[in-house]
Enquirer: 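One structure is given below, represented as structure tokens, and several questions about it will come after.
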Amino acid sequence: MINEKRIRLLKPGFETNGPVVYWMSRDQRVHDNWALLFAQKMAIEKNRPLAVIFCLVSDFLEATIRQYGFMLKGLKEIENRLSDFNISFFMLSGNPEYEIPSFIKKINASCLISDFDPLRIKRIWKRDVAKSITIPFYEVDAHNIVPCLFVSDKIEFAAYTIRPKINKALIEFLDEYPSIKQMKTSELSVNEINWKQVEKSLKVNQEVKEVNWLKPGETAALEMLEDFIKNRFENYYLLRNDPTKEGQSNLSPYLHFGQISAQRIALEVKRLNGNRESEKAFLEEMIIRRELSDNFCYFNPKYDSFDGFHEWAKTSLNQHRKDEREFIYSAKDFEQAKTHEDLWNAAQTELVRNGKMHGYMRMYWAKKILEWSKSPEEALKIAIYLNDKYELDGRDPNGYTGIAWSIGGVHDRPWFERPVYGKIRYMNRNGAEKKFDIDSYINKFS
Ligand code: FAD
Ligand code: FO1
């Protein structure tokens, strides 16, 4: 059964007797997808066909072929899987504001269902689409275990304020998924998608090469989860902060594109009943930290700017604007890993080469950008630019929040004052040296 609290009616309207349409965007998967399950329930109840659409925009927050390649391969798998269930899949391309309403009209859709996403760009898309359709328009939170808008109706101060709200609700929301059903033959005529054509139509940066150490798609995501649980979960709490070890799950690109559900991961981790410490540490990150990011991006419209920081942080950073910077680098210097510090350069090289910097290094990496930039605003801009250009999991609420934590102390507390940082938590090389063998990390990525 679908918990009603995951569903929000964005705009009421008049149903037609046409197909039910799920506009897939954040949650790009067939199984374990509450938005798709809700759309199917509607279609079966009303005995109507079910169509899934994806609107491809070729300039999504400056994503490159690295991210688009990963995403499109995942969508290709979706087309095949959906056809196994007699569910039609349509790829639209262009501005959703025009493409979605015109598709709705063309197939005389009876209602439109979308998936939840706190990012500004998505909320604008939905606001514009809602203006030009007259059928009911729903939104289902298929990304969070506890729906973002159920957890809290305001910005949460830190993990310790949201944690009890989420943990209390887990018993209600961390439930098993119903399975997707086979539809009667869909009356909708779908033409085979010409994926070569789709990829050629993209006008995106081709320099940032796709990665080959990670296979995209829903099947590969479940294989990665299995591999993590079998081989890396036991020591997660020990190794997760050691960038020289394979200690992380490597699930973030799959979570970012919705090719796997966080709820599925949590269910399997709990079922494992494995190392207590690792379960606690992993679920803290994957449930609490991740849902805190959605909360931050939804309730703080300035999630990617200096103004979005807490007052204490803005005051403190302002007081240190004029501090002498020992080093100052441009976006280009940072991008080309041309700073004076080998450890930072290694992290930047890992990012450019692998498309996934280790979680511990992301904190260090962003804080040094603050330390070696001429202003906090410039640092924020550079960190977001590099993060979103090279990370497979970039352009995500976790990223804007992770960068705001590192540079603006969001969800953190004031620390003892120092030059440039003010009261923003400081990280340095010998802190890293205590945690792991930095020479082996530097050798790996020099
Ligand atoms: P694991 O340790 O296996 O974690 C599993 C999952 O838990 C992750 O996939 C993620 O969904 C969640 N998680 C882990 N750490 C965090 C965190 N600090 N905040 C929120 N959720 C977390 N994450 C992104 O998905 N995209 C980004 O662009 C991104 N940019 C970041 C930038 C900075 C400066 C910082 C400090 C963190 C950033 N993070 C980002 C969060 C975190 O570093 C990554 O989610 C994590 O390293 C992904 O690797 P993993 O899935 O193997 O991690
Ligand atoms: N979502 C879409 O609905 N259409 C797109 O064309 C699209 C492109 C895209 C490219 C890179 C990227 O990282 C994300 C992209 N997304 C797109 C959004 C993505 O599916 C996620 O929903 C959000 O980025 C996560 O909040």
Side-chain angles (χ1 to χ4, degrees), residues 23-28 53-72 74-75 91-94 96 99-100 114-122 125 143 159 198 202 204 214 224-225 228 232-233 236-237 239-241 243 246-260 262 265-266 269 278 281-294 296-297 347 351 356-367 369-370 380 383-384 386-388 390-407 411 427:
W23 170 17
M24 176 185 278
S25 176
R26 190 177 196 196
D27 294 282
Q28 300 168 21
I53 59 176
F54 187 87
C55 189
L56 185 65
V57 300
S58 63
D59 54 354
F60 188 83
L61 303 177
E62 304 189 20
T64 72
I65 193 61
R66 169 173 287 175
Q67 294 88 12
Y68 272 100
F70 192 87
M71 186 179 78
L72 288 177
L75 289 170
M91 275 291 273
L92 312 179
S93 63
E99 296 305 324
I100 303 291
S114 62
D115 44 41
F116 173 77
D117 192 325
L119 294 188
R120 181 180 310 119
I121 183 169
K122 302 291 192 75
W125 286 357
H143 207 77
V198 169
L202 283 178
V204 293
L214 199 65
M224 181 60 81
L225 172 59
F228 171 56
R232 289 172 281 138
F233 180 80
Y236 178 80
Y237 78 103
L239 303 179
R240 69 195 178 101
N241 280 327
E246 283 303 312
Q248 292 194 286
S249 68
N250 279 338
L251 288 170
S252 61
Y254 299 111
L255 282 162
H256 166 68
F257 286 106
Q259 294 174 0
I260 192 167
I265 298 170
V269 161
S278 288
F282 181 76
L283 294 184
E284 170 68 14
E285 300 292 349
M286 209 234 4
I287 302 180
I288 309 300
R289 283 273 155 204
R290 204 177 47 81
E291 301 219 5
L292 181 61
S293 300
D294 264 31
F296 178 65
C297 290
L351 171 62
K356 184 173 180 288
M357 188 191 297
H358 189 278
Y360 178 86
M361 292 312 296
R362 297 196 200 197
M363 298 185 278
Y364 183 84
W365 171 85
K367 285 179 178 291
I369 294 177
L370 169 63
L380 193 61
I384 291 175
L386 294 177
N387 185 85
D388 287 0
Y390 293 102
E391 294 282 11
L392 263 175
D393 59 27
R395 286 159 308 288
D396 191 281
N398 292 342
Y400 301 114
T401 309
I403 291 168
W405 178 89
S406 305
I407 295 179
H411 300 144
M427 282 176 82

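All residue numbers refer to positions in the sequence shown, counting from 1. In listed order, ligands and their atoms are each counted from 1.
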Enquirer: Counting only heavy atoms, which portion of Ala63 has something under 4.0 Å from ligand 2: side chain, backbone, both, or neither?
Expert: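 It is the side chain that touches ligand 2; the backbone stays farther off.
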Enquirer: Near Ala366, which atoms of ligand 1 are under 4.0 Å from a heavy atom of that residue?
Expert: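 Those of ligand 1 that fall under 4.0 Å from Ala366 are 34 (C).
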Enquirer: Under a 3.5 Å threshold, yes or no: a donor from one side chain and an acceptor from the other, between Lys356 and Ser252?
Expert: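 Judged by distance alone, the side chains do not pair up.
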Enquirer: Mark the output for Trp125 as yes if a heavy-atom distance to ligand 2 is under 4.0 Å, and as no if none is.
Expert: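 It does, in that a heavy atom of Trp125 comes within the 4.0 Å cut-off of ligand 2.
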Enquirer: One pair to check against side chain to side chain contact (heavy atoms under 4.5 Å, CB included): Trp125 and Trp23. What are the steps and the verdict?
Expert: CA-CA 12 Å; Trp125 286 357; Trp23 170 17; 3.8 Å; yes
Enquirer: Before signing off on this row, confirm whether Ser25 and ligand 2 have an N or O atom pair separated by under 3.5 Å.
Expert: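 Looking only at distances, the answer is yes, because the N/O contact criterion of under 3.5 Å is met.
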Enquirer: Go through ligand 1 atom by atom and flag the ones less than 4.0 Å from a non-hydrogen atom of Ser406.
Expert: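 Once the distances to Ser406 are compared, the set is 34 (C), 36 (C).
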Enquirer: For atom 23 (N) of ligand 1, what's the nearest protein heavy atom and its distance?
Expert: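 In this structure, atom 23 (N) of ligand 1 has Asn398 CB, 3.2 Å as its nearest protein heavy atom.
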Enquirer: Give the atoms of ligand 1, by number and element, whose distance to some non-hydrogen atom of Leu255 is under 4.0 Å.
Expert: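 Here the atoms of ligand 1 in question are 9 (O), 11 (O).
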Enquirer: Which word best sums up how the rings of Phe228 and Phe282 line up, parallel for under 30°, tilted for 30 to 60°, or perpendicular for over 60°?
Expert: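 Because their plane-to-plane angle lies in the 30° to 60° range, the rings of Phe228 and Phe282 count as tilted.
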Enquirer: Please identify which atoms of ligand 1 are closer than 4.0 Å to at least one heavy atom of Gly359.
Expert: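 Under 4.0 Å from Gly359, ligand 1 has these atoms: 43 (O), 47 (O).
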Enquirer: Which residue and atom name correspond to the protein heavy atom nearest atom 27 (C) of ligand 1, and how close is it?
Expert: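 Residue, atom and distance for the closest contact: Asp393 OD1, 3.2 Å.
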Enquirer: Starting from atom 12 (C) of ligand 2, what is the nearest protein heavy atom, named by residue and atom, and what distance separates them?
Expert: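 Nearest protein contact, heavy atoms only, for atom 12 (C) of ligand 2 is Arg395 NE, 3.3 Å.
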Enquirer: For ligand 2, is there an atom lying under 4.0 Å from some heavy atom of Gly394?
Expert: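 The answer is yes, since Gly394 has a heavy atom less than 4.0 Å from ligand 2.
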Enquirer: Just distances here: any N/O of Gln67 and N/O of ligand 2 closer than 3.5 Å?
Expert: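 Min N/O separation from ligand 2 is not below 3.5 Å for Gln67.
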Enquirer: Given 3.5 Å as the limit, does a donor-acceptor pair link the side chain of Arg362 with the main chain of Met357, or not?
Expert: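 Checking the backbone N and O of Met357 against the side chain of Arg362, a donor-acceptor pair under 3.5 Å is found.
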Enquirer: Kindly say whether Gln28 contributes a backbone atom to a donor-acceptor pair with the side chain of Gln259 at under 3.5 angstrom?
Expert: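 No, because the side chain of Gln259 does not come within donor-acceptor range (under 3.5 Å) of the backbone of Gln28.
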Enquirer: Under a 4.0 angstrom heavy-atom cut-off, which atoms of ligand 2 come close to Phe257?
Expert: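 Here the atoms of ligand 2 in question are 11 (C), 12 (C), 13 (O), 14 (C).
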Enquirer: I'd like to check which ligand 1 atoms, numbered from 1 as shown, lie under 4.0 Å from a non-hydrogen atom of Met286.
Expert: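 Here the atoms of ligand 1 in question are 6 (C), 7 (O), 12 (C).
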Enquirer: Ligand 2 and Tyr68, any nitrogen or oxygen pair closer than 3.5 angstrom?
Expert: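 No, no N or O pair falls under 3.5 Å.
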Enquirer: Partners of Asp388 by side chain to side chain contact (heavy atoms under 4.5 Å, CB included), sequence neighbours excluded?
Expert: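 Asp388 satisfies side chain to side chain contact (heavy atoms under 4.5 Å, CB included) with Ile384, Arg395, Tyr400 once adjacent residues are dropped.
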Enquirer: Which residue and non-hydrogen atom of the protein lie closest to atom 53 (O) of ligand 1, and at what distance in Å?
Expert: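 Of the protein heavy atoms, Gln248 NE2, 3.1 Å lies nearest.
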Enquirer: How about Met286 and Leu255: do any of their side-chain heavy atoms sit closer than 4.5 Å?
Expert: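 Yes, close enough: below the 4.5 Å cut-off.
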Enquirer: Show which atoms of ligand 2 fall inside a sub-4.0 Å distance from at least one heavy-atom site of Pro397.
Expert: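 Under 4.0 Å from Pro397, ligand 2 has these atoms: 26 (O).
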Enquirer: Flag Asn387 as yes when one of its N or O atoms lies below 3.5 Å from any N or O atom of ligand 1, and as no otherwise.
Expert: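 Right, the criterion is met.
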Enquirer: Counting non-hydrogen protein atoms only, what is the nearest one to atom 5 (C) of ligand 1? Give residue, atom name and distance.
Expert: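 Here the nearest protein heavy atom works out to Phe282 CE1, 3.6 Å.
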Enquirer: For ligand 2, is any non-hydrogen atom under 4.0 Å from Leu56's backbone (N, CA, C, O), its side chain (CB onward), both, or neither?
Expert: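 Leu56 to ligand 2: contacts from backbone and side chain alike.
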Enquirer: Nearest to atom 49 (O) of ligand 1 by heavy atom, His411, Glu246, Met224, Lys356: which?
Expert: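 Heavy atom nearest to atom 49 (O) of ligand 1 belongs to Lys356.
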Enquirer: Identify, by atom number and element, the atoms of ligand 1 in contact range of Leu251, meaning under 4.0 Å from any of its heavy atoms.
Expert: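 Counting from 1, the qualifying ligand atoms are 51 (O), 52 (O).
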Enquirer: With backbone taken as N, CA, C and O and side chain as the heavy atoms from C-beta onward, which portion of Phe228 lies under 4.0 Å from ligand 1: side chain, backbone, both, or neither?
Expert: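 Neither; no heavy atom under 4.0 Å.
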Enquirer: Pairs of nitrogen or oxygen atoms closer than 3.5 Å, one from Arg362 and one from ligand 1: do any exist?
Expert: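 N/O-N/O distance under 3.5 Å: yes.
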Enquirer: Is atom 42 (C) of ligand 1 close to the protein, meaning a heavy atom under 4.0 Å from it?
Expert: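 Within 4.0 Å of atom 42 (C) of ligand 1, no protein heavy atoms are found.
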Enquirer: Heavy-atom distances under 4.0 Å are what count here, so tell me which part of Phe116 touches ligand 2: side chain, backbone, both or neither.
Expert: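 For Phe116, there is no contact with ligand 2 at all, from either part.
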Enquirer: So if I count the atoms of ligand 2 from 1 in the order they appear, which ones are less than 4.0 Å from some heavy atom of Arg26?
Expert: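 The list of qualifying atoms is 22 (O), 25 (C), 26 (O).
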Enquirer: If you have a sec, work out which protein heavy atom is nearest atom 3 (O) of ligand 1 and how many Å separate them, to one decimal?
Expert: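 For this ligand atom, the closest protein heavy atom is Ser249 OG, 2.6 Å.
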Enquirer: Examine the proximity of ligand 2 to Val57 and report which part, side chain or backbone, both or neither, has a heavy atom under 4.0 Å away.
Expert: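 Both of them.
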Enquirer: Kindly give the heavy-atom pair with the smallest separation between Arg232 and Glu246, and that separation in Å.
Expert: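 For Arg232 and Glu246, the tightest heavy-atom pair comes out as CD-O, 3.2 Å.
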Enquirer: Would you find a donor on one side and an acceptor on the other, under 3.5 Å apart, between the side chain of His256 and the backbone of Gly394?
Expert: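 Pair found, side chain donor or acceptor close to backbone of Gly394.
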Enquirer: Hey, does the side chain of His358 reach the backbone of Arg240 with a donor-acceptor pair shorter than 3.5 angstrom?
Expert: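 Flag set: sc His358 to bb Arg240 pair under 3.5 Å.
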Enquirer: When you measure from atom 12 (C) of ligand 1 to every protein heavy atom, which one gives the shortest distance, and what is it?
Expert: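 Protein heavy atom at minimum distance: Glu285 O, 3.5 Å.
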Enquirer: Can you name the closest pair of heavy atoms from Pro397 and Arg26 and give their distance?
Expert: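 The answer is CG-NH2, 3.5 Å.
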Enquirer: Pair Tyr236, Glu285 - check side chain to side chain contact (heavy atoms under 4.5 Å, CB included), show working.
Expert: CA-CA 11 Å; Tyr236 178 80; Glu285 300 292 349; 3.8 Å; yes
Enquirer: As a check for students: among Gln28, Met24, Met71, identify the option with a heavy atom nearest to atom 8 (C) of ligand 2.
Expert: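 It is Met71 that holds the nearest heavy atom.
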Enquirer: Would you check the N or O atoms of Trp405, main chain and side chain alike, for any that come under 3.5 Å of an N or O of ligand 1?
Expert: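 There is no such contact.
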Enquirer: Nearest protein heavy atom to atom 4 (O) of ligand 1, by residue and atom, and its distance?
Expert: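 Ranked first by proximity to atom 4 (O) of ligand 1 is Tyr236 OH, 3.9 Å.
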Enquirer: Indicate yes or no for a side-chain donor-acceptor contact from Ser278 to the backbone of Tyr237 under 3.5 Å, with no hydrogens or angles considered.
Expert: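 Confirmed, Ser278 side chain pairs with Tyr237 backbone.
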Enquirer: From the options Phe60, Phe54, Trp23, select the one whose nearest heavy atom is closest to atom 9 (C) of ligand 2.
Expert: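 When every heavy atom of Phe60, Phe54, Trp23 is considered, Phe60 comes closest to atom 9 (C) of ligand 2.
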Enquirer: What protein heavy atom lies closest to atom 11 (O) of ligand 1? Include the residue and the distance to one decimal.
Expert: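 Going by distance alone, atom 11 (O) of ligand 1 is nearest to Arg290 CD, 3.2 Å.
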Enquirer: Which atoms of ligand 2 have any heavy atom of Asp117 under 4.0 Å away?
Expert: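 It comes down to these atoms of ligand 2: 22 (O), 23 (C), 25 (C), 26 (O).
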Enquirer: Which protein heavy atom lies closest to atom 22 (O) of ligand 2, and at what distance to 0.1 Å?
Expert: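 Heavy-atom neighbour on the protein nearest atom 22 (O) of ligand 2: Lys122 NZ, 2.7 Å.
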Enquirer: Considering all heavy atoms of both residues, which atom of Ala159 and which atom of Leu292 are nearest to each other, and what is their separation?
Expert: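 Residues Ala159 and Leu292, closest heavy atoms: N-CD2, 3.6 Å.
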Enquirer: What I'd like to find out is whether the side chain of Ile121 reaches to under 4.5 Å of the side chain of Val57, using heavy atoms alone.
Expert: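 Side chain of Ile121 against side chain of Val57, heavy atoms only: no contact under 4.5 Å found.
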Enquirer: Are any of the N/O atoms on His256, whether in the backbone or the side chain, positioned under 3.5 angstrom from an N/O atom of ligand 2?
Expert: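 His256 vs ligand 2: N/O contact under 3.5 Å present.
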Enquirer: Quick check: does Asp388 get an N/O under 3.5 Å from an N/O on ligand 1?
Expert: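 No; the residue has no nitrogen or oxygen that sits under 3.5 Å from a nitrogen or oxygen of the ligand.
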Enquirer: With atoms numbered from 1 as shown, which atoms in ligand 1 lie under 4.0 angstrom from a non-hydrogen atom of Gly394?
Expert: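 Result: 28 (O).
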Enquirer: May I ask you to check if ligand 2 and Cys55 share an N or O to N or O distance below 3.5 Å?
Expert: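 Yes; at least one N/O pair falls below 3.5 Å.
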Enquirer: Non-hydrogen atoms of Met363 versus ligand 1: any pair closer than 4.0 Å?
Expert: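 Contact present.
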Enquirer: For ligand 1 and Arg395, I'd like to know whether there is a polar contact (N/O to N/O, distance under 3.5 Å).
Expert: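 No, there is no polar N/O contact under 3.5 Å.
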Enquirer: Give a yes/no verdict on whether any heavy atom in Arg240 is under 4.0 Å from an atom of ligand 1.
Expert: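 Heavy atoms of Arg240 never come under 4.0 Å of ligand 1.
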Enquirer: Which atoms of ligand 1 sit under 4.0 Å from any heavy atom of Ser293?
Expert: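 That gives atoms 20 (C) of ligand 1.
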